[in-house]
Amino acid sequence: YEWLDGLCLRRADAVVVVNEAMTSHPRLRSIKPHRLHTINNGIPQREALDRDSPPNLPQPILDFVSQGTCIVALGRLSAEKGLDILLKAVAGLVLEGRDVRLVLLGDGPLREELQQLAEQLGIGQRVLLPGFLADAPRLLSCFDIFALPSLTEGLPMVVLEAMQAGLPIVASKVGGIPQVLDHGACGLLTPAGDVQAVSTGLRDIMENKERAAGRIRAAKARVHQLYSSRTMAEGYLTVYQRVLGDPGKGCENDPRIVC
């Protein structure tokens, strides 16, 4: 599959990646610079759900969220998401005597394994795996902290959604995440696979509310300015127009595209 993908990429008139870090991928080295473009993912601009309005969450989740500080992770329950790291980090905080809980929104092959790990760590009653929820990103503001401990990523939409929702963020320093979070100005970055670093990040958010609020403000402004679906669509439109008009034309003067 990798070989076939690389062959197809070399024959394309234009190749778009969703973050600048991906341009160094081995399969892209043979692509001429004028055919390789970076267009950041974007999301529709909308207001996050107000905490004072009744959220469309099942009652068991509402009851769970109302108890203590509630951390949320959203995505596929698979190995590359590093959710075992997050479980161990939360278990460490519980051992410190902190009243924290964790909701893993989503489904995947590791659901039962993650539930078993939570039980083994002694935090089974503090971890909830409700499965897939429709329109889950709109409900993110019902939680207190967003965590993304992934081992590998491109530019995950869920980070943009958490920024827009106004959640403090702890995320792995992989793929396009550091660029999206402005290298720590909009969210705390941790080395992938580092349990202690994730614990420290979560603890920092809980202990330094004003500092976390500053990162939230910066994140909201950044996602609105740089990661809207409109900006993304305009970037793709520019690439389409150039391919249809003059595939060899450079894009040095377009600030939305990195060549």
Side-chain angles (χ1 to χ4, degrees), residues 46-79 81-150 156-172 187-188 190 195 198-209 212-213 216:
R46 62 182 178 183
E47 292 298 322
L49 187 66
D50 193 302
R51 282 183 176 271
D52 296 327
S53 64
N56 187 25
L57 281 172
Q59 193 60 44
I61 302 180
L62 282 175
D63 294 339
F64 188 85
V65 169
S66 66
Q67 306 174 56
T69 299
C70 195
I71 303 160
V72 64
L74 172 60
R76 180 170 166 78
L77 307 184
S78 51
K81 297 301 180 181
L83 295 171
D84 57 326
I85 302 298
L86 181 56
L87 283 170
K88 293 172 184 177
V90 170
L93 294 175
V94 171
L95 283 176
E96 296 176 4
R98 297 181 183 273
D99 188 12
V100 294
R101 283 164 174 74
L102 173 63
V103 176
L104 303 180
L105 289 177
D107 212 340
L110 294 188
R111 184 173 181 178
E112 290 187 12
E113 184 176 320
L114 292 169
Q115 187 69 71
Q116 291 173 2
L117 178 58
E119 296 291 344
Q120 293 169 6
L121 293 169
I123 56 172
Q125 299 302 311
R126 291 177 176 269
V127 177
L128 188 65
L129 291 89
F132 173 81
L133 285 182
D135 203 21
R138 193 179 68 86
L139 306 174
L140 284 175
S141 55
C142 297
F143 302 92
D144 298 301
I145 302 173
F146 174 80
L148 186 70
S150 298
M157 302 289 279
V158 68
V159 168
L160 304 179
E161 290 158 345
M163 293 167 72
Q164 184 173 257
L167 279 184
I169 297 169
V170 176
S172 297
L188 294 176
T190 63
V195 174
V198 175
S199 290
T200 300
L202 295 171
R203 190 185 304 110
D204 182 273
I205 289 172
M206 290 185 282
E207 293 179 350
N208 299 283
K209 302 290 187 182
I216 289 172

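Heavy-atom basis, side chains included; hydrogens, waters and symmetry copies ignored.
- Atoms NZ and CG, on Lys81 and Leu86 in that order, are 13.0 Å from each other to the nearest 0.5 Å.
- Using a 4.5 Å heavy-atom threshold, the side chains of Pro109 and Arg76 count as touching.
- Residues Ile216 and Gly166 approach most closely at CD1-O, 3.4 Å, considering heavy atoms.
- Looking only at side-chain heavy atoms (C-beta outward), Arg98 and Val94 stay at 4.5 Å or farther from each other.
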**OP:** Begin with the C-alpha distance, continue with both residues' side-chain angles, and end with the deciding distance and a verdict on side chain to side chain contact (heavy atoms under 4.5 Å, CB included) for Leu83 and Leu110.
**Re:** CA-CA 9 Å; Leu83 295 171; Leu110 294 188; over 6 Å; no

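- Put simply, the side chain of Val170 reaches to within 4.5 Å of the side chain of Thr190, judged on heavy atoms.
- Arg111 contributes a side-chain N or O that, together with a main-chain N or O of Leu129, makes up a donor-acceptor pair within less than 3.5 Å.
- Using a distance-only test at 3.5 Å, with no hydrogens or angles considered, a donor-acceptor pair links the side chain of Asp144 to the main chain of Cys70.
- Remark: the backbone N or O of Thr200 is not paired with any side-chain donor or acceptor of Asp204 at under 3.5 angstrom.
- Under a 3.5 Å cut-off, the side chain of Arg203 and the backbone N or O of Leu93 do not form any donor-acceptor pair.
- Between Pro130 and Leu105 the shortest side-chain heavy-atom distance falls below 4.5 Å.
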**OP:** Report the C-alpha distance between Leu167 and Val72 in whole Å, list the side-chain angles of each, state the deciding distance to 0.1 Å, and finish with yes or no for side chain to side chain contact (heavy atoms under 4.5 Å, CB included).
**Re:** CA-CA 10 Å; Leu167 279 184; Val72 64; 4.1 Å; yes

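- A side-chain N or O of Gln59 and one of Asp63 form a donor-acceptor pair less than 3.5 Å apart.
- The shortest non-hydrogen separation linking Leu104 to Leu114 is CD1-CD1, 4.2 Å.
- At least one donor-acceptor pair closer than 3.5 Å links the side chain of Ser172 to the backbone N or O of Ser150.
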**OP:** Might you work through the side chain to side chain contact (heavy atoms under 4.5 Å, CB included) test for Arg101 and Asp99, ending with a clear yes or no?
**Re:** CA-CA 7 Å; Arg101 283 164 174 74; Asp99 188 12; 2.6 Å; yes

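- Looking at heavy atoms from C-beta onward, Phe146 lies in side-chain contact with Val158 at the 4.5 angstrom threshold.
- Within 6.0 Å of CD in Glu113 there are 12 or fewer heavy atoms belonging to other residues, nucleotides or ligands.
- Counted within 6.0 Å of CD on Glu112, heavy atoms from surrounding residues, nucleotides or ligands total 12 or fewer; the atom is thus considered open.
- Within the model, atoms OG of Ser141 and CD of Glu161 stand 12.0 Å from one another, a figure rounded to the nearest 0.5 Å.
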Subject >> Trace of the side chain to side chain contact (heavy atoms under 4.5 Å, CB included) decision for Leu188 with Ile169 >> reply: CA-CA 6 Å; Leu188 294 176; Ile169 297 169; over 6 Å; no

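- When Ile123, Val195, Val198 are each tested for a side chain to side chain contact (heavy atoms under 4.5 Å, CB included) with Val90, only one passes: Ile123.
- Contact of the Leu102 side chain with the Arg126 side chain is not registered, since no non-hydrogen atoms from C-beta on lie closer than 4.5 Å.
- Atom CD1 of residue Ile205 and atom OG1 of residue Thr69 lie 10.5 Å apart, to the nearest 0.5 angstrom.
- Atom NZ of residue Lys88 and atom OG of residue Ser199 lie 11.5 Å apart, to the nearest 0.5 angstrom.
- Interatomic distance, Leu77 CG to Gln115 CD, rounded to the nearest 0.5 Å: 10.5 Å.
- Looking at heavy atoms from C-beta onward, Phe143 lies out of side-chain contact with Leu74 at the 4.5 angstrom threshold.
- Residues Leu133 and Ile61 have side chains in contact (heavy-atom distance under 4.5 Å, counting atoms from C-beta outward).
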